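First the structure, which I've put down as structure tokens, then a few questions once you've had a look.
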Amino acid sequence: MSLANQSLVQQSLGRRRPKNEDDRILPLINVVFLLLIFFMLAGRLAASDPFRIDPPVSASEGLVTVEDLLVQVGVDGRLALNGEEMGEEALGAAVAGRISDGGPAPVRLKADGTVPATRVVAIMEVLRTAGVKSVQLLTLPAGDG
């Protein structure tokens with residue numbers, strides 16, 4: 001093989017096909033979308049309520065804390081304790097059991113804004129009978145509703 005032919009063969013072997021710049025970023029985009037889909041399907045940011053609740057609007061701002069006991073009152077009067085639906089008697093018994101086990105003293109009450117005030121007061125009375133000393137009524141800040 002002549003010297004000219006040999007240099008042509010070396011040049012053709014050493015040359016690479018020009019790559020498109022998008023070819024290098026496509027695998028990264030695929031991985032990002034796969035991770036996005038995975039976290040959308042597998043992850044949950046917050047526990048959902050067992051039924052729809054639209055709290056009333058309040059002009060005052062309360063301190064947001066994470067407590068163990070959350071009582072929810074739905075628009076139709078249904079009750080739930082920490083996401084588990086139950087009746088009034090079962091609610092009183094469950095709260096009394098938690099308090100006797102050294103549970104948290106304050107209880108958060110999340111009631112729908114359209115629930116009559118008499119129903120909310122009746123639930124507060126059930127909680128007081130169960131031994132609850134402090135109830136925090138959850139509301140939405142004025143302007144967010």
Side-chain angles (χ1 to χ4, degrees), residues 6-145:
Q6 189 176 11
S7 86
L8 283 175
V9 169
Q10 285 178 350
Q11 285 178 358
S12 67
L13 289 177
R15 254 192 249 164
R16 291 190 172 179
R17 177 175 62 99
K19 281 193 162 186
N20 188 353
E21 290 297 318
D22 293 340
D23 288 347
R24 293 188 305 184
I25 199 165
L26 284 177
L28 176 66
I29 292 172
N30 289 340
V31 169
V32 168
F33 278 119
L34 286 174
L35 286 173
L36 178 67
I37 291 170
F38 171 77
F39 286 114
M40 284 174 50
L41 294 176
R44 228 171 65 175
L45 296 178
S48 61
D49 293 336
F51 37 79
R52 180 176 161 79
I53 298 176
D54 294 321
V57 177
S58 172
S60 64
E61 291 187 28
L63 183 64
V64 178
T65 60
V66 176
E67 297 291 333
D68 288 341
L69 295 179
L70 173 65
V71 177
Q72 299 163 312
V73 183
V75 69
D76 55 355
R78 290 185 296 168
L79 297 172
L81 176 65
N82 290 344
E84 181 183 329
E85 286 191 55
M86 57 183 60
E88 275 188 44
E89 297 81 20
L91 174 70
V95 170
R98 290 275 183 97
I99 290 176
S100 68
D101 292 341
V107 174
R108 296 180 299 156
L109 179 62
K110 183 178 182 182
D112 193 274
T114 60
V115 172
T118 54
R119 175 72 173 142
V120 174
V121 170
I123 300 301
M124 288 180 174
E125 189 62 31
V126 168
L127 294 174
R128 187 186 64 78
T129 304
V132 173
K133 302 279 188 245
S134 173
V135 175
Q136 297 172 351
L137 184 60
L138 300 180
T139 60
L140 294 174
D144 285 355

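The shown structure was predicted, so the numbers you read here are calculated from the model rather than taken from an experiment.
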Next item on the list: Using the test side-chain contact (heavy atoms from CB on, under 4.5 Å), find all partners of F33 that sit at least two apart in sequence or belong to another chain.
Entry: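 Testing F33 for side-chain contact (heavy atoms from CB on, under 4.5 Å), a comparison that skips the adjacent residues, returns I29, L36.
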Check: Of all residues at least two apart in sequence or in a different chain, which pass the side-chain contact (heavy atoms from CB on, under 4.5 Å) check with I37?
Finding: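 I37 satisfies side-chain contact (heavy atoms from CB on, under 4.5 Å) with L41 once adjacent residues are dropped.
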Note to self: side chain to side chain contact (heavy atoms under 4.5 Å, CB included) for L70 and L81? Distances and angles first, verdict last.
What the structure shows: CA-CA 6 Å; L70 173 65; L81 176 65; over 6 Å; no
Notebook entry, point to check: Roughly how far, to the nearest 0.5 Å, is CD of E84 from CG of L79?
Noted result: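 Reported to 0.5 Å precision, the distance equals 12.0 Å.
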Checklist line | L127 side chain near V95 side chain, heavy-atom distance below 4.5 Å | finding: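 The answer is yes, as the side chains (C-beta and beyond) meet within the 4.5 Å cut-off.
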Note to self: If you compare all heavy atoms of V115 against all heavy atoms of G74, which two are closest, and at what distance to 0.1 Å?
What the structure shows: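 Nearest pair, atom of V115 first, then G74: CG2-O, 3.2 Å.
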Item checked: Separation of E125 CD from I123 CD1 (nearest 0.5 Å) ->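 One gets 10.5 Å once the value is rounded to the nearest 0.5 Å.
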Check: When rounded to the nearest 0.5 angstrom, what is the spacing between CZ in R119 and CD in E88?
Finding: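 Taking CZ in R119 and CD in E88, the distance rounds to 4.5 Å.
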Item checked: Separation of R108 CZ from L137 CG (nearest 0.5 Å) ->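 Going from CG on L137 over to CZ on R108, the span is 12.0 Å.
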Check: Where is the tightest heavy-atom contact between G92 and A130, given as atom of each residue plus distance?
Finding: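 Between these two residues, the closest heavy atoms are O-CB, 3.4 Å.
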Note to self: Consider side chain to side chain contact (heavy atoms under 4.5 Å, CB included). Of D112, L91, L109, which one does V73 pass it with?
What the structure shows: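 Of D112, L91, L109, side chain to side chain contact (heavy atoms under 4.5 Å, CB included) with V73 is met by L109 alone.
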